[in-house]
There are 2 protein chains.
Amino acid sequence: MKQESAEDKTREFVDLCHEHGLKVTPQRVTIYREIITMDTHPTADAIYQIVKKEYPNISFDTVNRTLQTFADIGLVDVMEVFGGAKRFDPNVDDHHHLHCIRCGHVIDFFNRTYDELDVPEEIQEEFTVLGKRVVLKGICKACAA
Amino acid sequence: MKQESAEDKTREFVDLCHEHGLKVTPQRVTIYREIITMDTHPTADAIYQIVKKEYPNISFDTVNRTLQTFADIGLVDVMEVFGGAKRFDPNVDDHHHLHCIRCGHVIDFFNRTYDELDVPEEIQEEFTVLGKRVVLKGICKACAA
DNA sequence: GTGATTGCAAACCTTTTGCACGCCA
DNA sequence: TGGCGTGCAAAAGGTTTGCAATCAC
């Protein structure tokens with residue numbers, strides 16, 4: 001979790017685009033700048049609604065396609081959801097999820113022990129593990145009340 | 001994992017329906033009998049295609065609504081998916097998932113250590129944990145080849 | 001200049017809703 | 001018999017696709 005200035009972030013973004021042969025368009029920059037400040041798991045439409053304020057002419061398709069592109073280059077994750085619209089996770093650092101089965105919300109949490117979970121030999125033989133996540137299912141405080 | 005005869009299973013199902021005030025209809029019995037034999041994570045449509053063979057007049061809606069009903073009474077789980085159609089998990093025992101980011105398939109696996117993972121105090125204070133699952137993200141053997 | 005990207009529209013897929021009929025309890 | 005459950009049809013919601021115009025390199 002290092003602090004970076006907005007310019008650093010933008011430079012990083014430009015580099016990443018070039019690495020993957022992607023053009024740096026104002027639409028992509030705007031979307032990028034919006035999502036990196038989010039700590040929720042927005043749908044494409046939610047991002048579209050926010051980006052539209054700064055860039056009124058942008059189309060939903062551009063936002064949606066850009067998010068797919070960002071997912072392809074590892075800039076965002078596509079989240080596991082339980083029905084409904086696809087959600088994107090701007091936080092690609094190791095983290096875990098609390099999933100409230102009542103309201104459906106997914107809350108991020110961090111836990112070093114879970115990050116360092118051992119993967120059994122027999123699974124590593126059959127499957128190349130790239131990341132791991134613990135999902136806790138239950139009832140959040142708001143819903144319990 | 002105890003073995004049970006088909007009649008045992010059906011009796012169990014009838015009991016469960018009565019417990020929840022649900023009527024035992026031939027459609028529900030047929031769907032139930034089909035899904036308990038599955039070890040995959042079918043979509044509603046996949047189940048519809050299979051059930052239709054045995055019960056040609058059944059409608060997709062009935063299958064879909066029945067699956068929701070089954071999910072409500074804990075007979076199946078609604079799976080977390082990464083876009084696309086909702087998937088149902090007929091296996092409600094504790095288990096974990098391998099998620100192949102290339103083909104999108106999700107493979108079940110069982111692991112006692114993961115089942116017994118400790119949940120940190122500070123989370124239990126904020127969140128009533130009902131279940132836990134480890135999701136390993138990576139590349140499956142078929143896709144690696 | 002040229003190929004990637006955008007914006008628009010239509011198509012597609014899945015899920016949800018409303019309603020009349022039928023069947024289980 | 002009463003009310004839940006079913007089947008059909010339409011609507012809604014989200015994603016994908018095709019194409020012409022535009023823009024970054």
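Every chain is numbered from 1, with letters handed out A, B, ... down the list of sequences.
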Exercise. Between D:dT6, C:dA25, C:dT6, which nucleotide has the shortest distance from any of its atoms to the side chain of A:Thr62?
Worked result: C:dT6
Seminar exercise, completed: Rounded to the nearest 0.5 Å, the CZ atom of B:Phe88 sits from the CE atom of B:Met79 at a distance of 11.0 Å
For this session: Kindly point out which of C:dC24, D:dT16, C:dT16 is positioned nearest to the side chain of B:Pro26?
Result: C:dC24
For this session: Using atom CG of B:Asp61 as one end and atom C1' of D:dC4 as the other, report the distance to the nearest whole Å.
Result: 16 Å
Problem set entry | Any A:Thr43 side-chain N or O less than 4.0 Å from OP1/OP2 of D:dG14 | no
Problem set entry | Between P of D:dC4 and NE2 of B:His18, the distance in whole Å | 15 Å
For this session: Starting at atom CG of B:Leu67, determine the distance to atom C1' of D:dG5, rounded to an integer number of angstrom.
Result: 15 Å
Exercise. Is there a donor-acceptor contact under 3.5 Å linking the side chains of A:Asp108 and A:His97?
Worked result: yes
Exercise. Taking atom P of C:dT15 as reference, at what distance in whole Å does atom CD1 of B:Ile47 sit?
Worked result: 11 Å
Problem set entry | Euclidean distance, atom OH of residue B:Tyr48 to atom P of D:dC8 [Å, nearest integer] | 8 Å
Exercise. Salt bridge check: are A:Arg33 and A:Glu54 linked by an N-O gap of less than 4.0 Å?
Worked result: no
Problem set entry | Gap between atoms CG and P, on A:Asp45 and D:dT15 respectively (whole Å) | 9 Å
Exercise. When you match B:Gly84 and B:Thr25 each to their closest nucleotide on DNA chain C, which lands nearer the 5' end?
Worked result: B:Gly84
For this session: Look at the aromatic rings of B:His95 and B:Phe110 and report parallel, tilted or perpendicular, splitting at 30° and 60°.
Result: tilted
Exercise. Where the side chain of A:Asn64 is concerned, which of D:dC8, D:dT16, C:dG7 is the nearest nucleotide?
Worked result: D:dT16
Problem set entry | A:Gln68 vs D:dT15: side-chain N/O to OP1/OP2 distance below 4.0 Å | no
For this session: Compute whether any side-chain donor of one residue and acceptor of the other, for A:Asp72 and A:His20, lie under 3.5 angstrom apart.
Result: no
Exercise. Does B:Gln27 place a side-chain N or O at less than 4.0 Å from the phosphate oxygens OP1/OP2 of C:dC23?
Worked result: no
Exercise. Across the strands shown, which category fits A:Arg28 at heavy-atom distances under 4.0 angstrom: base, sugar-phosphate, nothing?
Worked result: sugar-phosphate
For this session: Name the closest nucleotide to the B:Arg65 side chain, picking from C:dG7, D:dG7, D:dG5.
Result: D:dG7
Seminar exercise, completed: Looking only at D:dC25, D:dC4, C:dT6, the nucleotide nearest the B:Lys23 side chain is D:dC4
Seminar exercise, completed: Side-chain atoms of A:Val24 come closest, of C:dG18, C:dC24, D:dC25, to D:dC25
Exercise. Does OP1 or OP2 of C:dT5 have a side-chain N or O of A:Thr66 closer than 4.0 Å?
Worked result: no
For this session: In whole angstrom, give the distance that lies between atom CG of A:Asn57 and atom P of D:dA21.
Result: 18 Å
For this session: Return the value, rounded to whole Å, for the distance between atom NZ of A:Lys86 and atom P of C:dT15.
Result: 14 Å
